[in-house]
Amino acid sequence: MLTAGAFEERRTNEGRLTGLRVLFAACFSILVVAFWVIQVLQHDKYANQAENNHLRTIPLRAPRGVVFDRNGQVLVENRLSFTIAIVRDQARDLNGTIERLAAATGRDPAEMAAIVKNRQNEPKFRPVPVIEHATLAQVAAVAARQIELPGVLIQQVPTRQYSAGVAAHAFGYVGEVQPVQLETTEFQALEPGAIVGQAGLERVYNRHLMGVDGNRFVIINSVGREIEELQKQLPVDGQRLQVTIDADVQRALEDGFKAAGFAGAAAVLDPNTGEMLAMTSLPAYDPNAFASGLPGQAWTRLLTDPLKPMTNRLIQGTYSPGSVFKIVMAVAGLEEGVITPDTKFFCSGHGVFYGRAFKCHKAGGHGWVDLRHALEKSCNVYFYNIGDRMKIDTIHSYSARLGLTGKTGIDLPSEVDSLVPSTEWKQRTQKQPWYPGETISVAIGQGAVSVTPIALATMIATVANGGTLITPHLGKAFDAADGKGWQPIPTPEPKSRLSMTPEMLQAVRDGLWMVVNEAGTGGRARIPGRDVAGKTGTSQVVGLQNKSLATARGMDTRDNGWFVFFAPRDNPQIAGVVFAEHGEHGSSAAPIAKHVMETFFAKKDGLPLPVIQMPGVAAPPAAAPAPTASPVASGNGRTPPPARASVVTARPGG
Amino acid sequence: MIVDRRLLPHLDWPLILGLLALTLVGLSTIYSVTIDPVTKVAGQEFWTQLYAIPIAFAALAACLLVDYRTLVQRSWLIYLALIALLVAVMFFGVVRGGARRWLQFPGLSLQPSEFARITVALVLTMFFADWRRSAKNIPELAIGAAIVAVPFLLIAQQPDLGTATLLAPVYLGVTFMAGLRLRWVWTALIVLVLLSPVIYRYGLQDYQRDRIATFVDPSKDPRGEGYQQLQAKITVGSGGLYGKGFLQGTQGQNGFLPVAHNDFVFSVLAEEHGFMGVLGVMALYLFVITRSLDAAKLARDRSGALLVVAIVSGFGFQVLYNITMSAGLAPVKGLPLPLMSYGGSSLVATLAGFGLILNVRMRRFGN
């Protein structure tokens, strides 16, 4: 049995082994036939494809989100620009192609070769952009020589387009993501070469504004012509952003500065919400220049310009606030019970504190003044007296509640801290105790007080709204085009509330109203019927003893001027700050504020917007009779206010 | 343990020469794909492969030293070692290309899953031949399947479904030789065909369905696997009858065909040496397979025959699949072509398997 079984098994095995052989032989035979068909019968077809068919990936850059103003007017949009790129696997003779392309476009071949070399580790079918933002002439030159330039590609790329001369520092600019930035959490997961916001709103809201790039996968032939599109991934547009800025108010602000000819900064906001209606910082850069690729030289020039156009003075410059600080002293004095609105002090032209005479700007003195008149006339002695009755830390604490310490939290990058001194600060930074005499200087905004313009805007908005510390902000809503419509960006919660008693609030508002509407220094901001309230300030750029030295070195030592304002007095709807760098006096900043407020109210009432007369834009002599508009046209037929710049000349104070 | 000198004349030298010829053809193709067109310097892969070939033949020789029957008897130890290595990969493995498959040692990286086939071949031989279990009843077949399932699941989760799937022909080969009823094979095939729409609908993951859809219509995914499939076909087809010539290929060298030195090495061969080259290499593979099956016929016992068929089935299936894929005729799966593709672990494991086949033939006389 065993032998028979073994024999039986052996026979089965042999049968099955033969079966396996036949199976393998059959499979190989089928494969041979298949290869015969592909390699011999269809050879021509595939040989042709191998010769000509190359896959190319053409990136489709996603347009960044369009930015609208609060009324839906477009502020930042996109235009198409041309990029010339080389596809290495298509350029038969890469060096020759680079040379011919450089010659055709007037570029340096060595520079172009270096760009290509930098990208040599990328797949060869990926286009290497060698000329970005090509001129039409360059595009035409390349298009005409397409046959001699196989592998050279012209691509259309959406590029940022900003309204010229409008709030450059608010929008910021875009540029290629830097290698070091790719390692930060802000820009991780992006590919090298991605265009990101580098400053301003473009940077803060980059994640929303940036879209998702798409691709086209195409087959091209040996001369680079597209034969077939295999697949297309459409780019996803960036989210649309609405900002709180009002384009008309913004333009009025820029025009105001242009007419006055100052450098400086300004913020105009809704005091009740913190929504920024306009902002500027001058001199500024042209964000369009960044969008179309800034040459290295121009970049260096921007960075080394002594006027610092890259600095956003509104949030990055800190200055002595001068007399504007008296508002803080008035609020603090009233709230602490040091004074009442009716408390009077006698000003003889100076006050003696700690054995030292502190001067008022009016040599003969103001005589007996109460709080309202002290604000109106900006009497130093009155505020010395308040300061003398308060501790520096109390002043610091009220400054904090009015937004004058630290950062305001505006949605712009790189804001710097504002400083109002305290005993702790002095101990920490100078290892010295606070001397009470220093408090007297602080009381009129001198000494170590150093604040950003945006902090003063926050302060005046807080006083205007009765004590609610708002956060100035620019972002209003996003639209992701996902069918949900505009999604509002939540308004930041108030950071603190000073509940000022109506009576005391009214005294401060009255004093500030008198600055503009009675004998004060802000008369140039007066608008009949609008009850403008405000306060000027003047601050030295360098101390008097160093002034001649600094002048000799060629520094601009003219004083800085401030004007903070809100209107109408009893129901403020607009507030803000104008900082006139080297404007010499706060009253010179007032006309800018006036033009802004007039525009704001005219727009609100549906009236024609006022026009400001630019200096040097006079009608040519041969033309029709000069327009009848007054130098500072009010637009509503109101008489321009009298200039008051010469009324007060003494400093400090004013 | 010195091999009895009397055994040497029984070594199957023609089979060894066939194996050597295929590894050298593979090496020259790797050279052609990886050579730098400007500096004329061969790529790193060429040198790695050159150094792997002697090691692999040493592994082949090592597999001759011990009588295959001893190896079969002790195969459960090898099996446990394999499982241990695969578990070690799970915890200490190196991740490359999204899969955890390699163990990194100084100067050497090892892919244990490559050794699963030969281990499973040994264990199944032990089960069906040594223990004389029958492949004619379901419970025994199920136990055999369970033996395969453990390494299968460990490899599949790496994830490397391709390598795991190669265990299936090993199992089928052994059970076929062990007397699997052909009726069942036909029945299973028919059921599978009938159920395929249901499996497609409910048994597959989305990405697997995509893969099949891409195979049917490569233009659906012209960037991913569809692209590779199209390019593979262009590569092979452009070779023509006589090929573009050694070092004259363009598809792999210019980067249109990905992993040309590995999964698509046969496509490059077809491009450079044409249909004639394809015929030659396929003939070599068929020779190696039939010559190996001779060893099964000559084997002195049932375990020898089963072991040979197990190894040949796994090898033959992988060769056929890779060649079909390299012409763009099968879905793209990361399976190298045994003996020719770049990859030290694969080469060592393949030649170790042939060592066992030679072992069976060499010891066909004797007690």
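The basis for the numbers below is simple: all heavy atoms, side chains too, and nothing from hydrogens, waters or symmetry mates. Per chain, numbering begins at 1; letters A, B, ... match sequence-line order.
- Proximity to chain A is limited to the side chain of L279(B), based on heavy atoms less than 4.5 angstrom apart.
- Interface remark: S292(B) contributes no atoms to any contact with chain A (heavy atom separation under 4.5 Å).
- Contact annotation: the side chain of V278(B) never approaches that of W36(A) to less than 4.5 Å [non-hydrogen atoms, C-beta and beyond].
- Only the side chain of V309(B) comes within contact range of chain A, with heavy atoms under 4.5 Å apart.
- Summarising the geometry of I38(A) relative to K233(B), their closest heavy-atom pair is CG2-O, 4.1 Å, with the distance given to 0.1 Å.
- The SG atom of C27(A) lies 15.5 Å from the OH atom of Y285(B); values are rounded to the nearest 0.5 Å.
- Proximity of the aromatic rings of F35(A) and F266(B) is defined here by a centroid distance below 6.0 angstrom, and this criterion is met.
- Minimum interatomic distance between F176(B) and R16(A) (heavy atoms only, all atoms of both residues): O-NH1, 2.5 Å.
- Considering all non-hydrogen atoms of both residues, I323(B) and F28(A) come closest at CD1-CE2, 4.4 Å.
- Using a 4.5 Å heavy-atom cutoff, the side chains of M282(B) and L31(A) are in contact.
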What verdict does the side-chain contact (heavy atoms from CB on, under 4.5 Å) test give for L286(B) and F24(A), after you've listed the backbone C-alpha separation in whole Å, the side-chain angles of each residue and the deciding distance to 0.1 Å?
CA-CA 7 Å; L286(B) 190 60; F24(A) 278 117; 4.2 Å; yes

For side-chain contact (heavy atoms from CB on, under 4.5 Å), just list the numbers for K297(B) and T18(A), CA-CA rounded to whole Å, side-chain angles, deciding distance to a tenth of an Å, and then say yes or no.
CA-CA 9 Å; K297(B) 189 174 162 190; T18(A) 312; over 6 Å; no

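- Contacts between I289(B) and chain A at a heavy-atom distance below 4.5 Å involve the side chain alone, from C-beta outward.
- Scanning both residues, A34(A) and L329(B), for their nearest heavy atoms gives CB-CD1, 3.7 Å.
- Although no hydrogens or angles enter the test, the distance criterion places a donor-acceptor pair under 3.5 Å between the side chain of Q39(A) and the main chain of A270(B).
- With a 4.5 Å cut-off on non-hydrogen atoms, V32(A) touches chain B through its backbone and its side chain both.
- Counting only heavy atoms from C-beta outward, the side chains of Y46(A) and T235(B) never approach each other to under 4.5 Å.
- When heavy atoms are compared at a cutoff of 4.5 Å, V319(B) approaches chain A solely by way of its side chain, counted from C-beta outward.
- Within a 6.0 Å radius of OH in Y242(B), other residues, nucleotides and ligands contribute 12 heavy atoms or fewer.
- In this structure, the salt bridge (charged side-chain N to carboxylate O under 4.0 Å, His left out) partners of R21(A), at least two apart in sequence or on a different chain, are D294(B).
- Of all heavy-atom pairs spanning A47(A) and S238(B), the tightest one is CA-CB, 3.8 Å.
- A distance of 11.5 Å separates OG1 of T290(B) from CG of L17(A), quoted to the nearest 0.5 Å.
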